[in-house]
Amino acid sequence: MTPVRVRIAPSPTGEPHVGTAYTALFNVLLARRLGGEMILRIEDTDQTRSTPDSEQKVMEALRWLGLHWSEGPDKGGPHAPYRQSERRHIYPQYVDKLLHDGHAFKCFCTRERLDVMREEQRRRGEQPKYDGLCLHLTPEEVSAKEAEGIPHVVRMKVPETGECTFEDGVYGTVSIPWASVDMQVLMKADGMPTYHMANVVDDHLMKITHVARGEEWMSSVPKHLLLYRYLGFEPPQFMHLPLLRNPDRTKLSKRRNPTSISYFSSVGYLPEALLNLMGLGFVSIAEGDEVMTLDELAAAFDPGSMAKGGAVFDLQKLDYLNGRWLREKLDEDGFRARLLDWAMMNNRLAGGLELARTRIARLGDLPDLVSFLFRSDLNLTRADFEATKNGAEDSAVVLKAILAMVDTLPEWSREAIEEEVRRIADGMGRKLRVVIPPIFVAMSGSTRSLPLFDSMALLGRSIVRQRLKMALAVLPDAP
Ligand code: GLU
């Protein structure tokens with residue numbers, strides 16, 4: 001029998017999302033259930049958005065959760081390298097084969113033409129997709145354009161009529177009309193493959209037997225199945241996982257809720273509780289004890305019983321489970337060890353003490369000086385901002401501008417934060433000291449606190465983001 005191999009294939013952009021943990025947990029449980037291996041592959045073909053920092057963070061987050069892989073960029077393995085940017089020499093031969101066999105074509109359309117085409121399609125109420133103009137170029141026309149040095153991408157050919165029908169391990173039989181499938185770009189003008197091309201080639205070469213990933217990839221299956229067929233590869237079993245949702249069924253979004261794994265670790269959730277909550281979506285258990293370890297989840301794992309409407313990511317339930325894990329599942333030593341690990345996370349205990357030393361008069365001042373670094377919630381009100389010179393309305397304007405930087409700053413360090421806040425103040429035509437008070441309040445709950453930029457560095461990106469969101473939630477809408 002073919003050995004079972006599953007994978008988690010994160011794109012290292014931004015902060016690791018709870019959705020990545022959810023997919024990884026499913027894959028780990030599946031591998032355990034079927035007696036297989038799980039591998040980690042980094043999908044960094046989008047070179048404009050991928051960063052080494054984000055890759056590092058994904059691996060740290062998965063390790064923190066206790067979700068292990070047996071092959072990956074950090075571990076090596078028989079199918080190394082496991083980072084797609086290091087595999088770029090592998091893909092062109094497959095693209096060439098598709099071109100040679102007439103399953104793909106070179107497309108010379110400019111961005112401007114494609115924009116106009118899509119705009120017109122939208123106006124006609126159609127789903128935007130490539131209209132096939134370059135599909136009809138003769139070999140002579142293609143050679144002439146290449147000789148002229150006109151850049152091109154490679155697109156795949158797609159049937160025009162009928163449906164693509166496949167068996168999904170979670171959703172059962174799924175049919176998607178070919179008319180809704182775009183002639184996907186497989187190779188970009190710079191020679192980098194797109195996600196679709198690299199993903200199919202790598203899943204084949206890495207001998208992946210089960211592809212379990214978020215539901216948002218379901219609509220890509222027809223393209224992928226076609227590529228498997230064109231390349232003469234055996235397709236894996238696909239399994240799509242219902243999206244994580246808020247209890248009111250809305251999509252989990254960073255705009256409204258914390259979604260980064262590091263937020264949950266920073267405010268003191270145990271990885272066991274986070275896995276426990278997510279894992280409850282993959283098991284059918286009788287009423288009774290919902291507090292389950294990874295081993296217990298693996299024993300009860302039943303992908304067929306998943307609620308297709310979406311798994312609920314209920315923060316109240318997470319609090320409940322986390323409390324039970326802290327109180328009942330850890331012994332005294334374990335509790336103390338976790339508490340210390342948590343306090344020292346991101347250097348905030350040592351860093352906080354160091355900063356407090358610059359302000360301290362009596363040792364007993366310490367809790368007041370550093371407590372904001374550790375609190376789950378500052379319980380801010382509008383009055384806290386009204387008390388600043390800026391007032392509530394201007395505080396909102398400042399904090400909104402600062403929130404925008406949280407996701408874009410490539411490196412989260414004291415220096416980088418300070419430089420960026422200065423730049424934002426300059427852009428607003430303000431002095432730094434004028435924009436600082438509301439940021440102080442949003443971060444620490446007080447106008448006098450430890451040095452601001454050091455504190456923001458210690459709090460970490462995900463807590464800073466959440467505190468800014470909580471502050472903006474009590475303030476009037478900024479323009
Ligand atoms: N790189 C994709 C992601 O980050 C992986 C999708 C897949 O598993 O095929 O979601």
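Residue numbers run from 1 in the order of the sequence given. Indexing begins at 1, ligand by ligand and atom by atom, following the structure's order.
- In terms of protein heavy-atom proximity, atom 8 (O) of ligand 1 is closest to Arg7 NH1, 2.6 Å.
- Within the 4.5 Å cutoff, the side chain of Asp319 has heavy atoms near those of the Tyr269 side chain.
- Ligand 1 lies nowhere less than 4.0 angstrom from a heavy atom belonging to Glu216.
- For the 3.5 Å distance criterion, the side chains of Tyr91 and Asp202 qualify, holding a donor opposite an acceptor.
- On a distance-only criterion, Ala9 and ligand 1 share at least one N/O pair closer than 3.5 Å.
- Counting protein heavy atoms only, atom 9 (O) of ligand 1 is closest to Tyr195 OH, 2.7 Å.
- Annotation: side chain of Asp203 is not in contact with side chain of His224 (no heavy-atom distance under 4.5 Å).
- Near Glu43, with a cut-off below 4.0 Å to any heavy atom, the atoms of ligand 1 are 1 (N), 2 (C), 5 (C).
- To the nearest 0.5 Å, atom CZ of residue Arg32 and atom CG of residue Leu297 are 9.0 Å apart.
- Residue contact check: Asn199 has heavy atoms under 4.0 Å from atoms 7 (C), 9 (O) of ligand 1.
- Remark: the backbone N or O of Gly102 is paired with a side-chain donor or acceptor of Lys157 at under 3.5 angstrom.
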